[in-house]
There are 2 protein chains.
Amino acid sequence: MVIYFLEVLTTSNIYRALSDSTRKRILSLLAKEEKTQKQLVEYFKVSQPAINKQLKILKEEDLITERKSGRYRYYSLNRPVFSMAYQKMIEEIGQMLDQTLHGLKDFVESEEKEID
Amino acid sequence: MVIYFLEVLTTSNIYRALSDSTRKRILSLLAKEEKTQKQLVEYFKVSQPAINKQLKILKEEDLITERKSGRYRYYSLNRPVFSMAYQKMIEEIGQMLDQTLHGLKDFVESEEKEID
DNA sequence: TTAATATATAACTAAATGGTTATATATTTT
DNA sequence: AAAATATATAACCATTTAGTTATATATTAA
């Protein structure tokens, strides 16, 4: 018998991922375009192993993807996962504030009126 | 000469606050109604000093407010601050995903069409 | 094939985290 | 005034975190 483990999507991990400024900046960079670990190391003022560790964490959270090419590893934002986590986050916090996504839409519309 | 320090509003702290499940649950409870520390301690399976510490952290982040009455301390969600942090979060991550608040509005609308 | 380069890993460190128990302080109740 | 109760704090602990340096491995370039 084969037992399948279904990864339960939680938002807690994305909060953790984003709570560190290095990781947040890495995600922000990778959102623009894929980068090698080398490029990321050059960009930040921390050591290569430090970046390697953070990338490992982000990979474990499935927030980034890795593509190997020769001696390089290219990293990019895992948009579907990140986007999904984002939406869950919005819902989760929105519920605390009694604001659903649709409530937020109304909020945006009311802001638009103020600007007009 | 008087020097004023202006607290720079960042979203980093809300990620940290929400990255711990106890804190997240406290915030969620306080979003519904104010509670004394005692009530929170009864609710959770952790010690009173543990809750006291988390409340201290949330107070430092200005995400909750404290009201003293007799020997009780009443805590509630600091809605303006929490709501503002929420909006900044949405903007910050939205930018990574090339989704502004207004982009999100369109997203919600397209979802509504699917449901209809 | 050797040198250079990109990444991975091991071993370590200091600080932060999230909890504990014991005890002190403040306030109310009896 | 004494007992009960709510909160605060001190001292401690185990684990995690985010970094470091040194070194190993994999791949490419000379």
Side-chain angles (χ1 to χ4, degrees), chain A residues 10-30 32-78 85 92, chain B residues 10-30 32-78 85 92:
Chain A
T10 59
T11 49
S12 37
N13 297 336
I14 202 184
Y15 294 126
R16 183 189 164 242
L18 291 166
S19 70
D20 177 76
S21 71
T22 301
R23 280 195 296 270
K24 191 154 74 178
R25 290 171 68 209
I26 289 176
L27 287 171
S28 186
L29 279 177
L30 297 185
K32 295 200 203 87
E33 53 186 341
E34 72 171 6
K35 294 220 181 307
T36 66
Q37 187 183 122
K38 185 75 204 309
Q39 290 176 304
L40 292 170
V41 171
E42 278 160 6
Y43 194 89
F44 293 96
K45 296 161 290 301
V46 292
S47 67
Q48 177 261 322
I51 295 295
N52 190 285
K53 272 193 186 181
Q54 301 299 5
L55 288 172
K56 206 171 225 169
I57 290 171
L58 293 172
K59 260 188 292 173
E60 278 163 10
E61 309 277 19
D62 204 27
L63 292 172
I64 61 173
T65 56
E66 186 187 272
R67 175 171 76 80
K68 198 182 171 184
S69 169
R71 62 181 150 177
Y72 296 95
R73 300 276 172 122
Y74 288 89
Y75 294 95
S76 30
L77 189 70
N78 189 342
E92 183 173 74
Chain B
T10 60
T11 49
S12 34
N13 298 338
I14 202 184
Y15 296 123
R16 180 185 167 245
L18 291 166
S19 70
D20 177 74
S21 72
T22 300
R23 281 195 296 271
K24 191 154 75 179
R25 291 172 67 207
I26 289 176
L27 287 171
S28 187
L29 279 176
L30 297 185
K32 295 199 203 88
E33 53 186 340
E34 74 172 4
K35 293 218 182 308
T36 66
Q37 188 183 120
K38 184 77 203 310
Q39 291 176 303
L40 292 170
V41 171
E42 277 161 8
Y43 194 89
F44 294 96
K45 295 160 291 299
V46 292
S47 66
Q48 176 261 323
I51 295 295
N52 190 285
K53 271 192 186 180
Q54 300 300 5
L55 288 172
K56 206 171 226 170
I57 289 171
L58 292 172
K59 261 188 291 175
E60 278 164 10
E61 309 277 20
D62 203 26
L63 292 173
I64 61 173
T65 57
E66 188 187 272
R67 176 171 76 78
K68 198 182 168 181
S69 169
R71 62 181 150 177
Y72 296 95
R73 301 278 170 121
Y74 288 90
Y75 294 94
S76 31
L77 189 70
N78 189 343
E92 181 174 74

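Throughout, a chain's letter reflects where its sequence line sits, starting with A, and its residues are numbered from 1. The structure displayed is predicted, hence computed values, not measured ones. For the numbers below, each heavy atom of this structure counts, side chains included, while hydrogens, waters and symmetry mates do not.
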I want to check one thing: is the phosphate of dA29(D), taken as OP1 and OP2, less than 4.0 Å away from some side-chain N or O of R71(A)? no

I'd like to know if Q48(A) reaches the base of dA6(C) with its side chain such that a donor and an acceptor end up less than 3.5 angstrom apart.
no

Among the nucleotides dT21(C), dG18(C), dA8(D), whichever has the atom closest to the side chain of S47(B) is dT21(C)

Side-chain contact check for P49(A): nearest option of dA10(D), dA22(D), dT7(D) is dA22(D)

Closest of dA18(D), dT20(C), dA26(D) to the V46(B) side chain is dT20(C)

Quiz item: When you measure from the side chain of R16(B) to the backbone N and O of L18(A), does any donor-acceptor pair fall under 3.5 Å?
Solution: no

- Looking at R73(B), does any N or O in its side chain come under 4.0 Å of the phosphate oxygens OP1/OP2 on dA8(D)? yes

For a quick check of understanding: with a heavy-atom distance under 4.0 Å over all strands, which category does K56(A) fall into, base, sugar-phosphate or nothing? sugar-phosphate

- Message: Less than 4.5 Å apart, side chain to side chain, heavy atoms only: is that true for K35(A) and L29(A)?
- Response: yes

Check the phosphate of dG19(D) against T22(A), side-chain N and O only, distance under 4.0 Å to OP1 or OP2. Yes or no?
yes

Side-chain contact check for Y72(B): nearest option of dT9(C), dA6(D), dG19(C) is dA6(D)

* To do: Check whether any side-chain N or O of K38(B) sits under 4.0 Å from OP1 or OP2 of dA6(D), and answer yes or no.
  => yes

